Colleague: 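Below is the structure I would like to discuss, written out as structure tokens.
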Amino acid sequence: MKLNSIDPRLVVVTGAGSGIGQAVAVRFARSGAQVVVSDIDKDAALATVAKIQAAGHRAVAMQLDVTDPRAWESFARDVHADLGVPDVLVNNAGILVSGAFLDLEPQDWDKQLSVNLMGVVHGCRAFGRQMIDEGKRGHIVNIASAAAFTPTPVMSAYSVSKAGVKMLTECLRLELAPKGVGVSAVCPGVINTNIGEHATTVGVDPVLVERGKQIAAQVQELVAQLPFSPMSPDLVARAVVRAVRYDLAVVPVRTEAWLGYFMLRLAPGVNRRMTQPFSMDRIQSAGAWLTGRGGVA
């Protein structure tokens, strides 16, 4: 850990239309940075910009499909031409594809990896090159997940994508540090976002999937009413700022993430068994039981 000399004046955040990305954009804007809010959903990006501007801070909205390398090139050129070279890039955009491994088709893997892993690769290339070519100190933060080091039986595609992000980050730290660019991986545990609402779930009865989304919405509503924020996206936003300030390699967020991070090193066998109860058969059975009982009050 070291104190970083970067003072973020221009920050680019992907997937910033909601959830973690929005929280990151708001926090950097509050600290005085101008934020480029990008999202595949332009209206969501505009809503985040409106929230930032209403608080008296600066932000612009841009649409970006992170799976398209040409879109990244055009996006990076436009940011450079209009605003300059970013001090910080936060690769946050992500989706969830879940299901038993043998139920996943090649297109399911392509969908998961094209966003969560290759989207990060394209972002690091586009803006990492700008930072280096301009001779400007910069920092890249890649949002990974506790799933990067905590295997689960029904999230193989997602876990592989996030493990790839973590390893990409560690490789780039070695490669880009001599050129003045720091790279960090932030690994959240359970955070209150809408990633599950838009998830692709393979091999599960659609009725159970819908009931699961309803339960998740009830949990989110309950958490939002608490006087404290145990699963707030802002916990991740604070970790992102901390990663930049101290040039941290890997930053777990929340207790379960730290537990998985240390257990992987201290007792990897125990770490693998911790999530064994979450098999697809048990999830299906639990979902059927909840549906039969009319759900959770």
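FYI, side chains are in, hydrogens and waters are out, and symmetry mates aren't considered; it's all heavy atoms of this structure. Computed from a predicted model, the values in this text were never measured in an experiment.
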Colleague: What I want to find out is whether D87 reaches R137 closely enough, with some N-O distance under 4.0 Å, to be called a salt bridge.
Modeller: no

Colleague: How about L96 and M155: do any of their side-chain heavy atoms sit closer than 4.5 Å?
Modeller: yes

Colleague: So which heavy atom on A25 is nearest to which on V35, and how close?
Modeller: O-CG2, 3.6 Å

Colleague: Checking A47 now: which residues fulfil side-chain contact (heavy atoms from CB on, under 4.5 Å) with it, not counting sequence neighbours?
Modeller: none

Colleague: Please check if any side-chain donor atom of D234 sits under 3.5 Å from a side-chain acceptor atom of S232, or the reverse.
Modeller: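 There is no such pair (donor and acceptor under 3.5 Å, judged by atom type) between the side chains of D234 and S232.
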
Colleague: Do the side chains of V115 and V120 join up, straight or via other hydrophobic residues, at under 4.5 Å, putting them in one cluster?
Modeller: yes

Colleague: Taking side-chain hydrogen bond (donor to acceptor under 3.5 Å, both in side chains) as the test, write out the residues that go with E170, two or more places apart.
Modeller: K166

Colleague: Partners of L83 by side-chain contact (heavy atoms from CB on, under 4.5 Å), sequence neighbours excluded?
Modeller: L10, Q34, V36, V60

Colleague: Quick one, D247 with N4, criterion side-chain hydrogen bond (donor to acceptor under 3.5 Å, both in side chains). Give me CA distance, side-chain angles, the key distance, then yes/no.
Modeller: CA-CA 6 Å; D247 190 21; N4 209 332; 4.6 Å; no

Colleague: Mind checking side-chain contact (heavy atoms from CB on, under 4.5 Å) for D41 and listing every partner two or more places apart, or none if nothing turns up?
Modeller: D39, D43, A44

Colleague: S38: which residues meet the side-chain contact (heavy atoms from CB on, under 4.5 Å) condition with it, sequence neighbours left out?
Modeller: T14, L64, F75

Colleague: For H80 and E134, work out which heavy atoms get closest and say how close.
Modeller: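 Taking every non-hydrogen atom into account, NE2-OE2, 3.1 Å.
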
Colleague: Output all residues satisfying salt bridge (Lys or Arg N to Asp or Glu O under 4.0 Å) with K51, sequence neighbours left out; order by chain, then residue number.
Modeller: none

